[in-house]
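See below for the structure under consideration.
In this chain, residues are counted from 1 in sequence order. Keep in mind that what you see is a predicted model, and the values were worked out from it rather than measured.
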Amino acid sequence: MLVAWILLPLVLLVLCAGCGLAVARAAGGRLDAPLVLPVGLAAMVVVASATTASNSTARLTTPLVVALAVVGFLVAEDRRACLPGRWPAAAATGVFAVFAAPVVLSGSATFTGYIQLDDIATWLALTDQAMAHGRDLGGLAPSTREAALASYLPGGYPLGAFLPLGIGHALVGSDVAWLFAPTMAVMASLLALTLTSVVGAVVTRPAARAAVAFVAAQSALLFSYAEWGAIKELLAALLVALLAALAPALVDGPARRALIPATAAAALLAALSAGAVAWVVPVLGVALLAARPRMGALVRTLPALVVAIAVLSVPSLVLARTFLAPQVKAGSILSAPTELGNLPGPLGFEHVLGIWPSGDFRLTPDDEALTRLLLVALVVAAAAGLALALWRRATPLVGYVVGSLVACVALISRGSPWVDAKAMATASPAVLVAGLSALAAAAAAPRLGRAAQGAAVAGIGALGAAVLWSNALTYGTAYLAPKPQLSELQSAGPLLAGQGPTLMTEYEPYGARHFLRAADAESASELRRRVIPLRNGMQLPKSGAADITAFDPTALRDYRSLVLRVNPMASRPPSAYRLLRAGRYYDVWQRPAVPPEAPVDDLPLGGEAGPGAVPDCAQVARLAEEAGPGGRLVSVARRPPVVRGLAATDHPLSWPTTPGVAATVVPTGDGRLITDVQVPAPGTWSVWVGGS
């Protein structure tokens, strides 16, 4: 916990500070203090994207980023320029706490999104591979991880969002799985810093700026997606806001000032590939129109901006064609109108407004009438905020709000429902920023009178409470990854290193794609290279699981090691395997490097009620006849478990029952059940509850 939630954030922030100071120095000017850290993160992404493009330079990524940060501190005109100030820091710290809470309050250094999506398992695999070998897959043995990487890396999948995680892992040492959530929380905190600068021209009081940024940075849809592990969308939301905040650099100062927004644009390209253009062009374009710059300033800075983006984005642009070519075709995940991912249907555009009080954003709000009222009030306030920003020529705020919405609408018009939802998540802080800025400005305007000021303060409180309400409900449905269970897989990886291939018979993508990477693991119901048929010739469907005896014995001979879930109903593996380690969640089995002669035949016994049974004598005689006079019969005696059904008489749930078995189920009123099941004899018993 200390490494993940204290050491890692401090390390990342120090790197961001140094890299941000280096960019500011190279651009020949100072940055608004809250923007130094976000610009530094963008610079880290740009540098890491260049080095991880090749196997020969991938391992230089962390040293080069550290060197850039050190140079930044050495050449900075004022090292204190990286300190954001008291109120921006308060907003950033508050947002960090909000994003950290689901994990930190659990007391375990884990991550959320374990049930909703298995994408995080792939992000962990991509991070490790990129930092060690870039996009090179040479030398990888066939495995689930290798198959997953092969479906992403050769196709030019953008890696920019994962690289700060990889750099942090290289410096603090903890597994990337336990650093994933704190890395996202750092990104969210930097979004809050950026928003304090975006609203600066409209909200003049520092405390009010911090309040606006604190609420807007945790907009409901973005927060919900973050709880699913949407690290790309979170980084994109930060970089889009940063682009708007840096737009004034294009109309003020020398041409080399264009390096600063170019860094943010290049980082966005590294995170989203060429699709980032849909965000860069409208955000910067609207901001420039709002600023009404002189033609001479544009002639001086726009070419410099284009050149700087092109130079900084060479790796991203080279890979963009490979990535986008198959995606623009009809039926791809990016464009097919039927591609829903795990959505029940397309999301309504109202999700972009940042308020959605429901434990699951895919469902209707808990109080639809109140939600509609809040959304209408937010839209009215946002329109007022945009008008005020135009009147005051608040270039960053206009560029951010209008540019984000234009980009979002453009992507929705061409993308699949799955991509549409991601675009709305990225843009979702914008309307909140506009509405809260208008209310904050009204609350600070004495001309409006105390009544109007009080109403504005009440409006801020209502919208802020609505966002916090939305996220509090999301807390209740956050699925934390089971740290002890995954830690067993983590420790099994080094134990089996170089002793693969390894088979898992359950669906556990974090084991097959990440923790057992050194063991060349494959899951029978995952993406894989080998065919693992069942005895009936079929294969397990995705996310399926089966007992080891359900698989064709000849297919098992390909696997030297087995990692099997501990289960009182589970069968023993074939006789060639010996128990290497018994765990609480997983048993590790292994056969000799050279497999012994295969058994002539076998007789699986047992079923759902137990792992063993008394065999029929005729069946045993048949096996003996097949073995012949010099053969040998091998059997495993298993103690039958005591199976009890749960009666449903006192509880509304329908529980399966075992005929002839009595059990008492008493609901306690707080969601628990007290089950009184008699055991055959006194002693120490392990109690298992079957379920999904």
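- Using cut-offs of 30° and 60° on the angle between ring planes, the pair F223 and F99 is perpendicular.
- Within the 3.5 Å criterion, the main-chain N or O of A481 finds no donor-acceptor partner in the side chain of Q485.
- Side-chain N or O atoms of R557 include none that pairs as donor or acceptor with a backbone N or O of P553 at under 3.5 Å.
- At least one side-chain heavy atom of E508 sits under 4.5 Å from a side-chain heavy atom of L489.
- Contact annotation: the side chain of T112 never approaches that of I120 to less than 4.5 Å [non-hydrogen atoms, C-beta and beyond].
- Atom CG in L347 sits 8.5 Å away from atom CG in D420 (nearest 0.5 Å).
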| task | Would you sort out whether Y510 and D118 count as a side-chain hydrogen bond (donor to acceptor under 3.5 Å, both in side chains), showing the intermediate values? | result | CA-CA 8 Å; Y510 294 93; D118 57 19; over 6 Å; no

| task | Would you please test E506 and Y586 for side-chain hydrogen bond (donor to acceptor under 3.5 Å, both in side chains) and show each step? | result | CA-CA 11 Å; E506 69 163 350; Y586 291 96; 2.4 Å; yes

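- The side-chain heavy atoms of D587 and R581, taken from C-beta on, include no pair separated by under 4.5 Å.
- Checked by atom type and distance alone, the side chain of S273 never pairs as donor or acceptor with a backbone atom of G275 at under 3.5 Å.
- Without hydrogens or angle criteria, R59 side chain to T61 main chain gives no donor-acceptor distance under 3.5 Å.
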| message | Working note: L64 + T51, criterion side-chain contact (heavy atoms from CB on, under 4.5 Å); need CA distance, chi angles, decisive distance, verdict. | response | CA-CA 9 Å; L64 286 177; T51 54; 3.5 Å; yes

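- We find the OG-CG distance between S561 and L580 to be 7.5 Å, quoted to the nearest 0.5 Å.
- Side-chain atoms of T477 and D360 form no donor-acceptor pair, as typed in the model, at a separation below 3.5 Å.
- The minimum heavy-atom distance between P615 and L603, with the atom names listed, is CB-CD2, 4.2 Å.
- Residues H514 and D128 have side chains that bring a donor and an acceptor to within less than 3.5 angstrom of each other.
- At least one side-chain heavy atom of E488 sits under 4.5 Å from a side-chain heavy atom of R584.
- Contact annotation: the side chain of W178 approaches that of S487 to within less than 4.5 Å [non-hydrogen atoms, C-beta and beyond].
- Counted by atom type alone, Q129 and R145 present one or more donor-acceptor pairs between their side chains at under 3.5 Å.
- A salt bridge links E522 with R530: the distance from a Lys NZ or Arg NE/NH1/NH2 to an Asp or Glu carboxylate oxygen falls below 4.0 Å.
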| request: For the pair F551 and R535, evaluate side-chain contact (heavy atoms from CB on, under 4.5 Å) and give the outcome as yes or no after the intermediate values. | output: CA-CA 5 Å; F551 294 92; R535 289 177 181 268; over 6 Å; no

| Does the side-chain contact (heavy atoms from CB on, under 4.5 Å) test come out yes or no for T426 and L222, once each step is laid out? | CA-CA 7 Å; T426 301; L222 182 62; 5.8 Å; no

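- In summary, the side chains of R517 and S143 do not present any donor paired with an acceptor at a separation below 3.5 Å, with no hydrogens or angles considered.
- Contact check for Q590 versus R560: side-chain heavy atoms found under the 4.5 Å cut-off.
- The main-chain N or O of Y157 is found under 3.5 Å from a side-chain atom of R135 such that the two form a donor-acceptor pair.
- Ring to ring, F111 and Y479 are not that close: their centroids are 6.0 angstrom or more apart.
- Side chain of D520 to backbone of G500: no donor-acceptor contact under 3.5 angstrom is found.
- The number of heavy atoms from other shown groups lying within 6.0 Å of OH (Y585) is above 12.
- Side-chain contact between F515 and L486: present, with at least one pair of heavy atoms (C-beta onward) separated by less than 4.5 Å.
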| message | Quick one, L2 with L7, criterion side-chain contact (heavy atoms from CB on, under 4.5 Å). Give me CA distance, side-chain angles, the key distance, then yes/no. | response | CA-CA 6 Å; L2 293 175; L7 181 59; over 6 Å; no

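- When atom types are taken as modelled, the side chain of H169 and the backbone of L179 share no donor-acceptor pair closer than 3.5 angstrom.
- Side-chain contact annotation: K542 with Y507, donor-acceptor N/O pair under 3.5 Å present.
- Under the 4.0 Å criterion applied to side-chain N and carboxylate O atoms, R513 and E526 are assigned as salt-bridge partners.
- Here the two rings, on W228 and F361, have centers that are under 6.0 Å apart.
- For the pair M44 and L12, the minimum side-chain heavy-atom distance is below 4.5 Å.
- For T110 and S108, the side-chain atoms include no donor-acceptor pair closer than 3.5 Å.
- Under the 4.0 Å criterion applied to side-chain N and carboxylate O atoms, R529 and E146 are assigned as salt-bridge partners.
- In this structure K483 satisfies the salt bridge (Lys or Arg N to Asp or Glu O under 4.0 Å) test with no other residue, sequence neighbours excluded.
- Across all non-hydrogen atoms, the minimal contact from L163 to A130 is CD2-CB, 4.3 Å.
- Counting only residues at least two apart or on different chains, the side-chain hydrogen bond (donor to acceptor under 3.5 Å, both in side chains) pairs with a member in residues 617-630 are D601-R622, R622-E626.
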